[in-house]
Amino acid sequence: MAQYSRLEVASVMKETGMVPLFYHPNVELGKKVLKACYDGGARLMEFTARGDFAFEVFSELNKYAIKELPGMIMGVGSITDAGAASMFMQMGAKFIVTPSLREDIAIVCNRRKVLWSPGCGSLTEINRAEELGCEIVKLFPGDLYGPGFVKAIKGPQPWTSIMPTGGVSTEEANLKAWFDAGVTCVGMGSKLISKEILSNKDYKGLENKVKETLSLISMLRA
């Protein structure tokens with residue numbers, strides 16, 4: 001059973017304003033990335049389960065987070081069916097993120113009261129997701145829609161909470177555009193945890209980058 005309810009997870013997403021995204025098949029490297037993000041102030045991590053045996057890697061990372069990183073909320077992304085969602089929830093996933101709107105995933109997550117965030121690309125999909133109990137909608141791919149789409153949605157639907165993924169960077173102008181448009185939080189992958197950082201094993205640099213980005217988001221929302 002997940003340690004945090006979907007409302008608690010949604011609250012942390014809103015408070016911090018950022019969900020780092022990460023995948024790598026190496027468990028030990030994953031632990032170092034997780035620790036660097038945690039030390040930088042991140043309290044969420046979306047493990048994008050894209051590779052073979054990704055469930056084994058996630059299981060080890062989640063056990064590590066529970067034991068060593070109090071308050072770190074581990075979720076899983078790139079989930080495309082209810083079976084995978086159920087499996088990862090049994091491994092302690094505290095939120096589930098999907099690339100598209102899948103009602104079968106909504107049902108299994110709601111049954112366990114686990115937050116799920118589906119990828120949506122239209123107002124119709126967003127409305128359906130909210131009817132199915134979605135707290136925070138994932139706008140994906142964010143770079144194709146942009147902040148203007150968010151602003152347009154928030155006009156008639158100010159209650160809608162949106163998390164763009166894709167097209168979000170650590171640059172101030174980029175983040176300002178998204179948060180000015182009204183996003184609740186942003187999902188950030190390679191622009192935050194870059195290939196360069198991983199190849200150089202620059203975990204201190206990653207910690208500092210996370211810290212700076214969270215500080216920037218806090219300032220922009222003040």
Check: Within a radius of less than 6.0 Å around NZ of Lys211, do more than 12 heavy atoms belonging to other residues, nucleotides or ligands occur?
Finding: yes
Check: If only atom types and distance count, is the side chain of Tyr38 paired as donor or acceptor with the main-chain N or O of Pro70 below 3.5 Å?
Finding: yes
Next item on the list: Indicate yes or no for a side-chain donor-acceptor contact from Lys94 to the backbone of Leu115 under 3.5 Å, with no hydrogens or angles considered.
Entry: no
Notebook entry, point to check: Just checking, is any N or O donor in the side chain of Ser86 or Gln90 under 3.5 Å from an acceptor N or O on the other one?
Noted result: no
Next item on the list: Please work out whether the ring planes of His24 and Phe22 are parallel, tilted or perpendicular, with thresholds of 30° and 60°.
Entry: parallel
Next item on the list: Check whether any side-chain heavy atom of Val12 sits under 4.5 Å from a side-chain heavy atom of Glu8, and report yes or no.
Entry: no
Next item on the list: Please report the C-alpha distance between Leu44 and Met72 in whole Å, then the side-chain angles of each, then the deciding distance to 0.1 Å, and finally whether the side chain to side chain contact (heavy atoms under 4.5 Å, CB included) criterion is met.
Entry: CA-CA 6 Å; Leu44 299 144; Met72 190 64 167; 6.0 Å; no
Next item on the list: Can you see which heavy atom on Lys14 is nearest to which on Ser161, and at what distance?
Entry: CE-OG, 4.0 Å
Notebook entry, point to check: So, do Cys134 and Trp116 sit near enough that their side-chain heavy atoms are less than 4.5 Å apart?
Noted result: yes
Check: Can you find a heavy atom in the side chain of Thr213 that is under 4.5 Å from one in the side chain of Leu175?
Finding: yes
Next item on the list: Work out which heavy atom in Val150 is nearest to a heavy atom in Gly182; give both atom names and the distance.
Entry: CG1-C, 4.2 Å
Next item on the list: Taking the side chain as every heavy atom from C-beta outward, state whether Met89 and Cys109 have any pair of such atoms under 4.5 Å apart.
Entry: yes
Next item on the list: Could you grab the distance from atom CZ of Phe53 to atom OG of Ser59, nearest 0.5 Å is fine?
Entry: 14.0 Å
Check: Under the salt bridge (charged side-chain N to carboxylate O under 4.0 Å, His left out) test, which residues partner Lys154, sequence neighbours left out?
Finding: none
Margin query: Just checking Lys31: does its NZ atom have more than 12 heavy atoms from other residues, nucleotides or ligands closer to it than 6.0 angstrom?
Written below: yes
Checklist line | Spatial distance of atom OG (Ser117) from atom CD1 (Ile79) [nearest 0.5 Å] | finding: 12.5 Å
Checklist line | Check: Glu207 main-chain N/O paired with Asp39 side-chain donor or acceptor under 3.5 Å | finding: no
Item checked: Validation row: Val9, Glu135 side chains within 4.5 angstrom (heavy atoms) -> no
Note to self: Hydrogens and angles aside, do Glu212 and Thr170 bring a side-chain donor and acceptor to less than 3.5 Å of each other?
What the structure shows: no
Check: In terms of hydrophobic clustering (I, L, V, M, F, W, Y; side-chain heavy atoms under 4.5 Å; direct or indirect links), are Leu192 and Leu21 co-clustered?
Finding: no
Next item on the list: Examine Phe88 together with Phe58 and report whether their ring centres are nearer than 6.0 Å.
Entry: yes
Note to self: Just verifying a value: how many Å separate Glu130 CD and Ile136 CD1, rounded to the nearest 0.5 Å?
What the structure shows: 11.0 Å
Next item on the list: Identify the two heavy atoms, one from Tyr203 and one from Val33, that lie closest to each other, and give their separation to 0.1 Å.
Entry: CE2-CG2, 4.1 Å
Notebook entry, point to check: Which pair of non-hydrogen atoms, one from Leu61 and one from Val27, has the smallest distance, and what is that distance?
Noted result: CD2-O, 3.6 Å
Check: Where is the tightest heavy-atom contact between Gly146 and Leu139, given as atom of each residue plus distance?
Finding: O-CD2, 4.5 Å
Notebook entry, point to check: Does atom CD of Glu171 have more than 12 heavy-atom neighbours from other groups under 6.0 Å away?
Noted result: no
Notebook entry, point to check: Would you say Asp180's side chain and Pro147's backbone share a donor-acceptor pair under 3.5 angstrom?
Noted result: no
Note to self: Using modelled atom types and a 3.5 Å cut-off, is there a donor and acceptor pairing between side-chain atoms of Arg43 and backbone atoms of Met13?
What the structure shows: no
Notebook entry, point to check: Is it true that a side-chain atom of Asn62 and a backbone atom of Met91 form a donor plus acceptor pair closer than 3.5 Å?
Noted result: yes
Next item on the list: Carefully, step by step, assess Met74 and Leu34 under the rule side chain to side chain contact (heavy atoms under 4.5 Å, CB included).
Entry: CA-CA 10 Å; Met74 291 287 290; Leu34 198 54; 3.6 Å; yes
Next item on the list: Check whether any side-chain heavy atom of Phe55 sits under 4.5 Å from a side-chain heavy atom of Met87, and report yes or no.
Entry: yes
Notebook entry, point to check: Between Ile66 and Gln3, does a side chain to side chain contact (heavy atoms under 4.5 Å, CB included) hold up when you go through it step by step?
Noted result: CA-CA 9 Å; Ile66 290 169; Gln3 292 173 296; 3.7 Å; yes
Item checked: Rounded distance [0.5 Å steps], CE in Met18 versus SG in Cys185 -> 10.5 Å
Next item on the list: Supply the atom-to-atom distance Ile126 CD1 to Ile153 CD1, rounded to the nearest 0.5 angstrom.
Entry: 4.5 Å
Next item on the list: State whether the number of non-hydrogen atoms from other residues, nucleotides or ligands found under 6.0 Å of Glu196 atom CD is greater than 12.
Entry: no
Next item on the list: Could you walk me through whether Arg128 and Glu125 pass salt bridge (Lys or Arg N to Asp or Glu O under 4.0 Å), step by step?
Entry: CA-CA 5 Å; Arg128 184 57 185 146; Glu125 286 186 338; over 6 Å; no
Margin query: Quick check: is Leu214 connected to Met219 through a chain of hydrophobic side chains (ILVMFWY, heavy atoms under 4.5 Å apart)?
Written below: yes
Check: Does Asp143 use its side chain to pair, donor to acceptor, with the backbone of Val168 at less than 3.5 Å?
Finding: no
Check: Is the backbone of Gly205 close enough, under 3.5 Å, to the side chain of Asp202 for a donor and an acceptor to pair up by distance?
Finding: yes
Check: Any sub-3.5 Å donor-acceptor pair from Arg221's side-chain atoms to Glu15's backbone N or O?
Finding: yes
Next item on the list: May I ask you to test the Arg102-Asp81 pair for a side-chain heavy-atom distance under 4.5 Å?
Entry: yes
Note to self: Treating Thr98 as the side-chain partner and Leu101 as the backbone partner, does any N or O pair qualify as donor plus acceptor under 3.5 Å?
What the structure shows: no
Next item on the list: Decide whether Met45 and Phe140 are clustered together by the hydrophobic rule: side chain heavy atoms of Ile, Leu, Val, Met, Phe, Trp, Tyr closer than 4.5 Å, transitively.
Entry: no
Item checked: Connected via hydrophobic side-chain network under 4.5 Å: Val210 and Leu220 -> yes
Notebook entry, point to check: Where is the tightest heavy-atom contact between Ala93 and Val76, given as atom of each residue plus distance?
Noted result: CB-CG2, 3.8 Å
Margin query: Would you say that Ile105 contacts Pro118 through its side chain, given a criterion of any heavy-atom pair below 4.5 Å between the two side chains?
Written below: no
Check: Mind checking whether Val108 and Leu7 sit in one hydrophobic cluster, side chains of I, L, V, M, F, W, Y counted as touching below 4.5 Å?
Finding: no
Item checked: Test side chain to side chain contact (heavy atoms under 4.5 Å, CB included) applied to Thr184 and Met163, step by step -> CA-CA 6 Å; Thr184 295; Met163 172 179 66; over 6 Å; no
